[in-house]
Amino acid sequence: MPQYQAVKGTRDIFPEEAARWKYVEGIVHALASRYGFSEIRTPVFEYTELFQRGIGSTTDIVGKEMFTFQPDPKGRSLTLRPEMTAGVMRAALQNNLLSSAPVHKLYYIGELFRKERPQAGRQRQFSQFGAELLGVSSPAAVAEVITLMMQVFQSLGLQGLKLRINSLGDTDDRLRYRCALQDYFSPFHDILDDASKERLDKNPLRILDSKNPALQELIAGAPKLYDYLNPASVQDFEKVLYYLDERNIAYEIDYRLVRGLDYYCNTAFEVTSSELGAQDAIGGGGRYDGLARELGSSTDVAASGFAVGMERLLMTMEKQRLFDALVPQGPLVYVVVQQQDLVDHALQIACRLRNAAIKTEIDLASRSMKAQMRDANRMMASYALFVGTTERATGLYPLKNLLTSEQTMLTLEDLLELLRELAAREQLQL
RNA sequence: GUGAUUGUAGCUCAGUUGGUUAGAGCGCCAGGUUGUGGCCCUGGAGGCCGGGGGUUCGAGUCCCCUCAUUCACCCCA
């Protein structure tokens, strides 16, 4: 066993997998840009209070999942970010973004940290991409972020994802509903599990999330949030659904969808993948108009956003074999050296090729020709170029097509010419 | 934090009721082909059997502890 291993809940991403990440990230950047979102990068740690205020102290994330530390005895408590939205909102408020322009559309890709027990689809360090649309209170804003998210899934070729959506109403709606829930559940106090008992006081909405089979019947009979929405909230929700219908985005209304973070209001949504095991949420989001004030803003900031788990996304894509066509690009030419004393000469040639923008590989470990050829074959090089004493003397080098095994003798000048042409053609095919 | 699961070669895994020197496939390296890959053949390297303790004449195998893994609960991406 190695002396050191990766910290629990963290892992390494090796080249083959990194290529898949790059591919997905490329799509995210392209589509976010097409929808008019600009990238923002915020620090991986923030003052702990930001998350306590922003996410809500009753949430599990803040209650038990944060990596919190104190850099020095007098310093303020810091926390590795467990989600992105609070940091983005902080950045926007701190820099008065909304006074320079009333609307801001931001997206991000970044690493998050939560101290949970790892399991399938759950890591202590994980990544999300997401978008935040600030300064627009119209239902068109939520529809816009949902559309972008679904567009990413579609462009990646994902199938069978399920979008569930609900309205949590405005603050007053939720307050009234909260009371109704407390009235409903209180008589059954003895039946509730410990977690639900605690939520009864702090955040009764979250009882609805419970997967405890013993409670399902009771939960099914609970009052519906939808019945407590005021006309404006209903209208807002209907409009969001209208946009989704119009864009052919399939969804399912789920009146019990609540979501774990305190800052949501009005629309909330979640996307699940049936191929993920127990942790099947691949993305989610909603409207969070209350967050800015919670973070000390003197004005309201309407906000909508979503976040998608990269690992879960990649996992689902792998299950659906969406990376099969993603084959690594081998070198165009592999320089094969006959013997030790020619290495420097071969290196010179390799440099010339590379300076001509030709993807070139050469063995630096002085292995046998057979080993070099095997290597070239393994990394799927297109051509092998042989460098030996005769070649150096005559200036004619054999170039072997590794697919057809054809071999032709060329001067270095002709070689550069030919390979440059081939490289250009390869570029076009990509 | 709770429950279960699995730890044997780089990887995937065999290993009998406890019994000599712990195996296979793939991968890696070399040779067959002394200047040329894939396929084939031959050979080679590579193991504190997760760690510690115990039972036993004897432990990869049985018992206890511990560490790690994986899955699930809670919750979330």
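Only heavy atoms go into these numbers, but all of them, side chains included; no hydrogens, no water, no symmetry mates. To find a chain, count down the sequence lines: A is the first, B the second, and so on, and within it residues start at 1.
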Gap in Å between the two [atom1] atoms, one belonging to [N] and one to [M], rounded:
{"N": "B:C63", "M": "B:G7", "atom1": "P", "result": "14 Å"}
{"N": "B:G46", "M": "B:U2", "atom1": "C1'", "result": "41 Å"}
{"N": "B:U20", "M": "B:C26", "atom1": "C1'", "result": "30 Å"}
{"N": "B:U66", "M": "B:A4", "atom1": "P", "result": "14 Å"}
{"N": "B:G47", "M": "B:A9", "atom1": "C1'", "result": "6 Å"}
{"N": "B:G15", "M": "B:G60", "atom1": "C1'", "result": "8 Å"}
{"N": "B:A77", "M": "B:C11", "atom1": "C1'", "result": "30 Å"}
{"N": "B:C48", "M": "B:C57", "atom1": "C1'", "result": "23 Å"}

Less than 3.5 Å apart, any donor N or O on the side chain of [X] or [Y] sitting next to an acceptor on the other?
{"X": "A:Ser366", "Y": "A:Gln340", "value": "yes"}
{"X": "A:Thr147", "Y": "A:Arg247", "value": "yes"}
{"X": "A:Ser233", "Y": "A:Asp173", "value": "yes"}

For [N], which nucleotide is its Watson-Crick or G-U wobble mate, given both distances must be under 3.5 Å?
{"N": "B:U36", "value": "none"}
{"N": "B:G25", "value": "B:C11"}
{"N": "B:U56", "value": "none"}

Establish, with yes or no, whether the OP1 or OP2 oxygen of [N] is under 4.0 angstrom from a side-chain nitrogen or oxygen of [X].
{"X": "A:Arg122", "N": "B:C71", "value": "no"}
{"X": "A:Gln119", "N": "B:C73", "value": "yes"}
{"X": "A:Arg378", "N": "B:G27", "value": "no"}

With a non-hydrogen cut-off below 4.0 angstrom, is [X] in contact with a base, only sugar-phosphate, or nothing?
{"X": "A:Gly130", "result": "nothing"}
{"X": "A:Ala120", "result": "sugar-phosphate"}
{"X": "A:Arg312", "result": "base"}
{"X": "A:Arg367", "result": "sugar-phosphate"}
{"X": "A:Glu270", "result": "nothing"}
{"X": "A:Ile282", "result": "sugar-phosphate"}
{"X": "A:Glu116", "result": "base"}
{"X": "A:Lys8", "result": "sugar-phosphate"}

Do the ring centers of A:Tyr228 and A:Tyr177 come within less than 6.0 Å of each other?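 A:Tyr228 vs A:Tyr177: aromatic centres under 6.0 Å.
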
Charged N to carboxylate O under 4.0 angstrom, A:Asp280 versus A:Arg312?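 Salt bridge flag = no for A:Arg312 with A:Asp280.
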
Before accepting this row, confirm whether a basic side-chain N of the pair A:Arg122/A:Glu116 lies closer than 4.0 Å to the acidic partner's carboxylate O.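 Yes.
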
Whole angstroms only, please: what is the [atom1]-[atom2] distance between [X] and [N]?
{"X": "A:Ile362", "N": "B:G37", "atom1": "CD1", "atom2": "P", "value": "18 Å"}
{"X": "A:Asp375", "N": "B:G38", "atom1": "CG", "atom2": "P", "value": "12 Å"}
{"X": "A:Met369", "N": "B:A30", "atom1": "CE", "atom2": "P", "value": "14 Å"}
{"X": "A:Gln123", "N": "B:U70", "atom1": "CD", "atom2": "C1'", "value": "12 Å"}
{"X": "A:Lys115", "N": "B:C74", "atom1": "NZ", "atom2": "P", "value": "21 Å"}
{"X": "A:Tyr334", "N": "B:G38", "atom1": "OH", "atom2": "P", "value": "14 Å"}
{"X": "A:Gln5", "N": "B:G10", "atom1": "CD", "atom2": "P", "value": "15 Å"}
{"X": "A:Leu80", "N": "B:A77", "atom1": "CG", "atom2": "P", "value": "18 Å"}

If you find the nucleotide of RNA chain B closest to A:Val387 and the one closest to A:Ala371, which residue's nucleotide is nearer the 5' end?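 It is A:Ala371 whose nearest nucleotide is closer to the 5' end.
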
Can you work out whether A:Gly121 or A:Asn401 has the more 5'-proximal nearest nucleotide on RNA chain B?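 Counting from the 5' end, the first nearest nucleotide belongs to A:Asn401.
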
I need the residues from residues 146-163 of chain A with at least one non-hydrogen atom less than 4.0 Å from RNA chain B; give them sorted by number, or say none.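 The stretch gives none, as no residue of it lies under 4.0 Å from the strand.
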
Choosing from [options], which nucleotide comes nearest the side chain of [X]?
{"X": "A:Gln279", "options": "B:C73, B:G37, B:A77", "result": "B:C73"}
{"X": "A:Met373", "options": "B:A77, B:G37, B:A30", "result": "B:G37"}
{"X": "A:Arg117", "options": "B:G1, B:C29, B:U36", "result": "B:G1"}

Looking only at atom types and distance, does a side-chain atom of A:Arg81 sit under 3.5 Å from a main-chain N or O of A:Glu46, one as donor and one as acceptor?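 No; zero donor-acceptor contacts below 3.5 Å.
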
Where the side chain of A:Gln128 meets the backbone of A:Gly110, is there a donor-acceptor pair that is under 3.5 Å apart?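 No, A:Gln128 side chain to A:Gly110 backbone: no donor-acceptor pair under 3.5 Å.
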
So does [X] reach the base of [N] with its side chain, donor to acceptor, closer than 3.5 Å?
{"X": "A:Ser368", "N": "B:G31", "answer": "no"}
{"X": "A:Lys370", "N": "B:U36", "answer": "no"}
{"X": "A:Gln407", "N": "B:U36", "answer": "yes"}

Closest approach of [X] to [Y] (non-hydrogen atoms, all atoms of both residues):
{"X": "A:Pro187", "Y": "A:Tyr184", "answer": "CD-O, 3.2 Å"}
{"X": "A:Asp324", "Y": "A:Arg321", "answer": "OD2-NE, 2.8 Å"}
{"X": "A:Ser273", "Y": "A:Leu161", "answer": "CB-CD2, 3.7 Å"}

Are A:Phe126 and B:A77 stacked, counting the six-membered base ring, centres under 5.5 Å, planes under 30°?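 A:Phe126 ring centre within cut-off of B:A77 base, planes near parallel; stacks.
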
